[in-house]
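Below: one structure, written as structure tokens.
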Amino acid sequence: MGMLVEGRWKTGEFPKDEEGRFVRQKTTFRGRITADGSSGHPAEAGRYHLYISWACPWAHRTAILRTVKGLEEAISLSSVEPYMGKDGWTFSAEGEFADPLFGESHLRDIYVRADPDATGRVTTPVLWDKETGEIVNNESREIIRMLDHEFEELASGPDFCPSDLEDEIEQVLDEIYEPVNNGVYRAGFATTQAAYEEAVTELFEALDRWEDVLGGRRYLCGDRITEADWAMFTTLVRFDAVYHGHFKCNIRRIVDYPNLWGYVRDLYAYPGVAETVRLDQIKKHYYTSHESVNPTRIVPVGPAIDFTIPHGREGI
Ligand SMILES: N[C@@H](CCC(=O)N[C@@H](CS)C(=O)NCC(=O)O)C(=O)O
């Protein structure tokens, strides 16, 4: 792991507090694309590029919104290599993981292009404006909202944050963030028993609660799929393959929860979504990148999970 300090790369450990709890750093680029262009980043076809990692659950949300909003033609996308070592995220010289815009070798080079004095972690996703040569935003929750709402002229597909549900969606996004989306990392990167147990307990309390909720409604906010579901999905779809073993989130598996397991399959079946789930890269990233957690870097072969089993949740 490392980070940029005034445009220079510094290597170091995962940030943690005095009790050994993993501390996620705040993101730094918080601009907006707007339909009317008032922000300086107008919604235009061909203008923006999404740098993602197929392995990363935060980036995965943005790749899903791009697909389900029918924006694949309008917004280009590429992935970094799944392995993230002391140099951070890297591009390969050619092929699937190359940088299609500048041919750079590291994702940090993109950050430094945007800001020669950039300070902070070099994270995916990155929403790049080809016209201004800037990073518009690198916070997934904000990027998915922009893809959902600001590309009306170019997008197809439903509104995943309709105004009548917006407050509830925001509330659910907040509610799942700490115990679930970030909770798996807090468990996995904890460096004390107490910090790990605190995170894993909160995580499974939250999963147990959502299991109950999903017994009575098809999706987190009712009968429509929303941004909150895509945010939950990218954590749950990785859960049994990486968080259960690698991050020691092993009180239960998702397949042990009838409602959560059906819910994941329901979302997986949404047109285009299965192609965004790259389990090979997910496993490779987690098991090989976190040397302190898995020093042998052996990638487990299992578990055998079939996300295509009919979910049977239509009537809920
Ligand atoms: N708040 C960010 C978090 C993004 C994030 O932490 N991405 C991870 C990959 S899963 C990353 O790039 N980590 C590299 C690092 O922290 O150095 C978001 O939701 O977009």
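Each ligand, and each atom within it, is numbered from 1 in the order the structure gives.
The closest non-hydrogen atom to atom 7 (N) of ligand 1, taken over Leu107, Asn181, Thr124, Leu4, comes from Thr124. Scanning Ala55, Cys56, Ser53 for the heavy atom closest to atom 10 (S) of ligand 1 points to Cys56.
Contacts between Ile143 and ligand 1 below 4.0 angstrom, taking non-hydrogen atoms only, are absent altogether. Contacts of Glu139 with ligand 1, taken as heavy-atom pairs under 4.0 Å, involve both backbone and side chain.
Look at Arg21 and Glu202 and you find no salt bridge, because none of the NZ, NE, NH1 or NH2 atoms lies under 4.0 Å from a carboxylate O.
At least one heavy atom of Pro125 lies less than 4.0 angstrom from ligand 1. Residue contacts with ligand 1 include Met84, since one or more of its heavy atoms lies under 4.0 Å from the ligand.
Backbone and side-chain nitrogen or oxygen atoms of Arg141 are examined, and none is located within less than 3.5 angstrom of a nitrogen or oxygen of ligand 1.
Within the structure, no pair that satisfies the ring-ring contact (aromatic ring centres under 6.0 Å, His included) test touches residues 133-153, not counting sequence neighbours. Residue pairs meeting the ring-ring contact (aromatic ring centres under 6.0 Å, His included) criterion with at least one member in residues 93-116, sequence neighbours excluded, are Phe29-Tyr111, Phe102-Trp128.
Shown in contact with Tyr185 at under 4.0 Å from a heavy atom are these atoms of ligand 1, numbered in order with element: 10 (S). Near Pro57, the atoms of ligand 1 lying under 4.0 angstrom from a non-hydrogen atom of the residue are 10 (S). Remark: ligand 1 atoms within the under-4.0 Å shell around heavy atoms of Asn138 are 20 (O). Atom numbering of ligand 1 starts at 1 in the shown order; those under 4.0 Å from a heavy atom of Ser140 are 18 (C), 19 (O), 20 (O).
Residue Leu207 holds its CG atom at 9.5 Å from CD1 of Ile251, rounded to the nearest 0.5 Å.
Counting heavy atoms of neighbouring residues, nucleotides and ligands inside a 6.0 Å radius, atom CG of Asp36 exceeds 12 of them. Heavy atoms of other residues, nucleotides or ligands lying less than 6.0 angstrom from CD of Glu96 number more than 12. Annotation: Arg297, atom CZ; neighbour count of heavy atoms from other residues, nucleotides and ligands within 6.0 Å is above 12.
Between Arg218 and the choices Asp266, Asp223, Asp229, the salt bridge (charged side-chain N to carboxylate O under 4.0 Å, His left out) rule is met once, by Asp266.
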